[in-house]
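Below is one structure, written out as structure tokens; comments come after it.
Counting starts at 1 for both ligands and their atoms, in listed order. Nothing here was measured: the structure is a model prediction, and the numbers come from that model.
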Amino acid sequence: MARIAEEFGTPVYIYSRATLERHARVFREALLPLGKIHLAFAVKANPNLAVLRVMQREGFGADVVSGGEMARALAAGMPAEDIVFSGVGKTRRELLKGLEAGIGQFNIESEEEGIELAEIAAEHGYTANCALRVNPDIDAGTHEKISTGKSDNKFGVPIDQAASMYQRLAALPGMNMRGLAVHIGSQLSDLRPLELAFEKIGALLGNIRERGGTVTHVDLGGGIGVPYKAGEVMPSPAEYGHMVARVTKGWDVTLMFEPGRVIAGNAGVLLTEVVRVKRNANRDPFVIVDAAMNDLARPALYGAWHDFDAVKPTGQRMVANIVGPICETGDTFAMGREMDAVERGDLAIFRTAGAYGATMASSYNSRGFVAEVMVDGDKVASVADRILPEDIYAAERVPEWLDD
Ligand code: LLP
């Protein structure tokens, strides 16, 4: 860590190739008994090209939600047919790009989108492989901002309308309706809501087939939670695999999965340096670190917990508020945290930062974009150079007429 801080500066994300690979393999092994499976890494969790390359080498395709993510997956060497295009607001341009690239499956989130896609496909002489994303109206029991399977969320089509919609869409030229998709939320700590959702999908599958429809693929999404606190226990991939095997028995489809956090979350940390410790009388000190909410947004956005540990713990402990330098109170990583005692200049890490970390960074307060490195044994390499504020404002223009 000290070597990385020296060479690349702080704050910096550090990803472990070995951990990514181990997570990919454990996940795959847990699902192998299911027969025909397709694994698509959720690019949104960590779109770094080197991370995607690791996943590609592990035989994963990609779940993408924008033209940008699709371009990254392709640039990382993922075959187009292994890419699933999800997302509630794909533009006509993105749909056409997906068709041109030959991506494997579009997960359609509304009848309107399906009709538009069919039109575009027919017009340009393509056939679009599609799954209909269903909203099963199930409370995933996770943070409301990352819950996606309740009927008042924007995602998917209402399950009671799905069978007839599937039939209508399947009849359109340019359209190959081949499956169903579901994803009820992220950071799920309990498998029960997933199981209920999958049971509903099983019933829908039967209903569609009874009406003469063809279903060869079911995409079960992502969502398995990971431990953010030492000692926290989350469902294991093996438990998830057993549950899926039980619920999907007899479906006779290719099962597709879109894991993100469970692969990348604990394969990354955010390394930061303590700028100073600010002590006020009668209250916990503020440990001010050089990482901020623009680098790791989860605590500010969701009140998320990230374990924070000194790189060289002294054995002493302290209770402190951990904050970044940004000029708003939201830039707080933790209040009243019991933690390793740290002082100015010490290095520390936020753990479980490999998913939804760098990818959600911004340049707020003109702090630039955080750097990313990957380690592999004793090898270390930059996988994303720091983008400096000057690089960002190089794209900005001051119109001459301002000075008229
Ligand atoms: N598939 C779909 C359709 C999704 O919307 C998502 C995540 C995934 C797969 C991957 O889910 P995972 O396996 O990672 O749980 N920024 C939030 C998380 C947002 C998740 C959005 N969708 C966070 O930092 O907690």
Distance under 4.0 Å to a non-hydrogen atom of [X]: what atoms of ligand 1 satisfy this?
{"X": "Met360", "answer": "16 (N), 24 (O)"}
{"X": "Gly222", "answer": "9 (C), 13 (O)"}
{"X": "Gly260", "answer": "12 (P), 13 (O), 14 (O)"}
{"X": "Ser186", "answer": "11 (O), 12 (P), 14 (O), 15 (O), 20 (C)"}
{"X": "Arg261", "answer": "12 (P), 13 (O), 14 (O), 18 (C), 23 (C), 25 (O)"}
{"X": "Asp63", "answer": "1 (N), 2 (C), 9 (C)"}
{"X": "Glu258", "answer": "1 (N), 2 (C), 3 (C), 8 (C), 9 (C), 10 (C), 13 (O)"}

Is it true that a side-chain atom of [X] and a backbone atom of [Y] form a donor plus acceptor pair closer than 3.5 Å?
{"X": "His217", "Y": "Gly179", "value": "no"}
{"X": "Arg72", "Y": "Pro47", "value": "yes"}
{"X": "Asn266", "Y": "Pro227", "value": "yes"}

Between [X] and ligand 1, which residue portion shows a heavy-atom distance shorter than 4.0 Å: side chain, backbone, both, or neither?
{"X": "Lys44", "result": "side chain"}
{"X": "His143", "result": "neither"}
{"X": "Phe155", "result": "neither"}
{"X": "His183", "result": "side chain"}

Derivation of the salt bridge (Lys or Arg N to Asp or Glu O under 4.0 Å) call for Glu232 and Arg351: CA-CA 13 Å; Glu232 201 177 4; Arg351 292 188 188 268; over 6 Å; no
Neighbour count >12 (heavy atoms, 6.0 Å) for atom NZ, Lys97: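 Check fails, neighbour count at 12 or below.
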Under 3.5 Å: N/O of [X] near N/O of ligand 1:
{"X": "Gly223", "result": "yes"}
{"X": "Ile146", "result": "no"}
{"X": "Tyr356", "result": "yes"}

Give a yes/no on ligand 1: does [X] have at least one heavy atom closer than 4.0 angstrom to it?
{"X": "Pro259", "value": "yes"}
{"X": "Arg133", "value": "yes"}
{"X": "Lys145", "value": "no"}
{"X": "Thr148", "value": "no"}

Pair Asp63 + Lys44: basic N to acidic O under 4.0 Å: yes
Pairing of Arg317 and Asp340 as salt bridge, 4.0 angstrom limit: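 Salt bridge between Arg317 and Asp340, a charged N being under 4.0 Å from a carboxylate O: yes.
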Pairwise distance CD1(Ile201) to CG(Asn207) - rounded to 0.5 angstrom: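 The CG atom of Asn207 is 11.5 Å from CD1 of Ile201, to the nearest 0.5 Å.
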Geometric class of the Phe106/Phe85 ring pair [parallel <30°, tilted 30-60°, perpendicular >60°]: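 The rings of Phe85 and Phe106 lie parallel, inter-plane angle below 30°.
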Geometric class of the His306/Phe350 ring pair [parallel <30°, tilted 30-60°, perpendicular >60°]: perpendicular
Heavy atom of the protein closest to atom 24 (O) of ligand 1 (residue, atom name, distance):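 So the nearest neighbour among protein heavy atoms is Arg298 NE, 2.6 Å.
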Nearest protein heavy atom with distance in Å, relative to atom 17 (C) of ligand 1: Tyr302 OH, 3.1 Å
Residue pair Tyr302, Glu144: steps toward the side-chain hydrogen bond (donor to acceptor under 3.5 Å, both in side chains) verdict: CA-CA 9 Å; Tyr302 318 117; Glu144 61 171 45; over 6 Å; no
Check: Thr148/Asn153 side-chain N/O donor and acceptor closer than 3.5 Å: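 Thr148 vs Asn153: no donor-acceptor pair found between side chains.
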